Amino acid sequence: MSTGRRPVTAVDASDIPLVLSRLREALFDDGDTIFPATAERLPHAPLDAPATVALVIETSGSTASPKRVALSADALIASADATHDALGGPGRWLLTLPAHYIAGAQVLVRSLVAGTEPIVLRGEGFDAASFAEAASRLDARTPRYTSLVPVQLARIVEAAERDAFVAAALTSFDAVLVGGQALAASLAARAEALGARIVRTYGSSETSGGCVYDGRPLGGVDARIVDGRIELAGSMLAEEYLDDDARTAETFRVESGRRWYRTGDLGELRDGVLRVTGRADDVIISGGVKVSLGEVENLVRTVDGFDDAVVVAVDHPTWGQSPAVVARRSEVTEAPGTLGELAAHVGDIVGPAGRPSTLYLVDTLPLLASGKPDRRAIEALVSS
């Protein structure tokens, strides 16, 4: 091992007590760098990392090859402190997400920084009943927080609208952070109608998790738009991609002494409020016109019954490529004329080239372990 580096200890992410213990050592006691991973993805070869690095998170690789994001103790703690400042102070957290994803790992970091013990869901998988049971174990005298992805919130809201116990659990939290992908306005409205305190978050592994809440950067975080793409700066940024100097140099840049992370997202910044409009790599050419699939997807999700729909590209005999909507089968999505209504709704805003040409209905949308749509699997499903 070279000077200025320390060993990386890989840990089964499902063993939360062990992850928490090793993470505490990495953050506060100069312990080995921790690398939580699923059992099948635990690295076999020895690894080391820069001495500043406390945590390595491997991205899901849903749209690109996996990256090992190296995060320092200072970055993780700065992110946790900024979150607590934004929420009104430290509290106790409910962990609902896997520890090998940054959103799950950050729940553990925030708990360690706050000096509290996180509550962990019991059993396999996620459902509203287990969420409600776990929430009931949180002390009402301490601020209560949790972090969800939209598909989890959807399951809770659906149950809460008919089950008072689940509704009470959802509304017991001082803040429910929701991120990982765009939150449909209709789902947010249903949750807030029940009394839930929803905070929309934006961030990534490279930013130690969410660093923009409800469109506004957290304290110490800067955001800007360069060539249509979102760039972020602040003390929460990752050190590097482990053992990938080329990718690190391409993604992280220093200007006038300020280090910036160039995201893969397109966006707008108006009056200090950031709005994500889509992915830079999901722009297609349809009939000679650039179309952002992310923007089309956001519009589709505003239509009742399409809260979690996914938009992908398909070949088109006239346009070359066009957007296709993949949604769960229901009375709403199967109604006659639905595709025409979607096409008209989207076309009125983004123009004819953005109109979906195809509607695929499935019983279940493929998901990653994080709860995000598995876009590779969905694209393969459509292409077959």
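Just so we're clear, the structure is a prediction, and the values are computed from it rather than from any experiment. All values below were derived from every heavy atom in this structure, side-chain atoms included, with hydrogens, water molecules and symmetry-related copies excluded.
In this structure, CZ on Phe35 lies 8.0 Å from CG on Leu42, to the nearest 0.5 angstrom. Remark: Leu274 CG to Leu232 CG distance equals 7.0 Å, nearest 0.5 Å. In this structure, CD in Glu25 is found 8.5 Å from OG1 in Thr9, a value given to the nearest 0.5 Å. Rounding to the nearest 0.5 Å gives a distance of 7.0 Å between CG of Leu97 and CG of Leu95.
When Ile284, Ile285, Val291 are each tested for a side-chain contact (heavy atoms from CB on, under 4.5 Å) with Gln321, only one passes: Ile284.
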*Applying side chain to side chain contact (heavy atoms under 4.5 Å, CB included), run through Val276 and Thr263 and close with a yes or a no.*
CA-CA 11 Å; Val276 182; Thr263 75; over 6 Å; no
*For the pair Arg279 and Asp265, evaluate salt bridge (charged side-chain N to carboxylate O under 4.0 Å, His left out) and give the outcome as yes or no after the intermediate values.*
CA-CA 4 Å; Arg279 292 281 305 173; Asp265 297 314; 3.3 Å; yes
_Before you tell me yes or no, could you show the steps for Leu170 and Leu153 under side chain to side chain contact (heavy atoms under 4.5 Å, CB included), namely the whole-Å CA-CA distance, both residues' side-chain angles and the distance that decides it to 0.1 Å?_
CA-CA 9 Å; Leu170 177 61; Leu153 179 63; 4.2 Å; yes
*Yes or no on side chain to side chain contact (heavy atoms under 4.5 Å, CB included) for Leu187 and Val178, after CA distance, side-chain angles and deciding distance?*
CA-CA 11 Å; Leu187 175 58; Val178 184; over 6 Å; no
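Side-chain atoms of Tyr241 and Glu206, non-hydrogen and from C-beta on, do get closer than 4.5 Å to each other. In this structure the side chain of Leu121 reaches within 4.5 angstrom of the side chain of Leu94, judged on heavy atoms. Side chains of Asp244 and Lys67 form no contact here, defined as non-hydrogen atoms less than 4.5 Å apart. The shortest side-chain heavy-atom distance between Asp222 and Trp260 falls under the 4.5 Å cut-off. Within the 4.5 Å cutoff, the side chain of Leu27 has no heavy atoms near those of the Leu55 side chain. Tyr101 places none of its side-chain heavy atoms less than 4.5 Å from the side chain of Ile57. Considering only heavy atoms from C-beta on, Leu177 comes within 4.5 Å of Leu87 through its side chain. Residues Ser186 and Thr302 are not in side-chain contact: their nearest non-hydrogen atoms beyond the backbone lie 4.5 Å or more apart.
Summarising the local packing, CD of Glu334 is surrounded by more than 12 heavy atoms from other residues, nucleotides or ligands at distances under 6.0 Å. Dense packing is recorded around CG of Asp29, with more than 12 heavy atoms of other residues, nucleotides or ligands lying under 6.0 Å away.
Nearest heavy-atom pair, Arg224 versus Leu269, reported as atom, atom and distance to 0.1 Å: CA-CD2, 4.1 Å. In this structure, Pro356 and Val296 approach most closely via the heavy-atom pair CG-CG1, 4.3 Å. Contact between Val311 and Arg375 at its shortest, heavy atoms only, is O-NH1, 4.1 Å.
Salt bridge annotation for Glu297-Arg301: present, with a cationic side-chain nitrogen under 4.0 angstrom from a carboxylate oxygen. Salt bridge Arg328/Asp308: present, at least one basic N to carboxylate O contact under 4.0 Å. Arg229 and Asp227 are not joined by a salt bridge, as no carboxylate oxygen comes within less than 4.0 angstrom of a charged side-chain nitrogen.
Under the 3.5 Å distance criterion, with hydrogens and angles disregarded, no donor-acceptor pair is assigned to the side chains of Asp74 and Ser72. Side-chain N/O atoms of Ser357 and Ser322 include a donor and acceptor closer than 3.5 Å. Between the side chains of Gln106 and Ser79, at least one donor-acceptor pair of N or O atoms lies under 3.5 Å.
Both tests do not hold together for Arg197 against Phe173: distance to the six-membered ring centre under 6.0 Å, angle to the ring axis within 45°.
Connection of Val109 to Val221 is established within a shared hydrophobic cluster, with ILVMFWY side chains joined at heavy-atom distances below 4.5 Å, either directly or through further cluster members. At a threshold of 4.5 Å between side-chain heavy atoms, the hydrophobic network of Ile, Leu, Val, Met, Phe, Trp and Tyr places Ile378 and Leu367 in two separate groups.
With Thr251 contributing its side chain and Thr248 its backbone, the two residues share no donor-acceptor pair below 3.5 Å.
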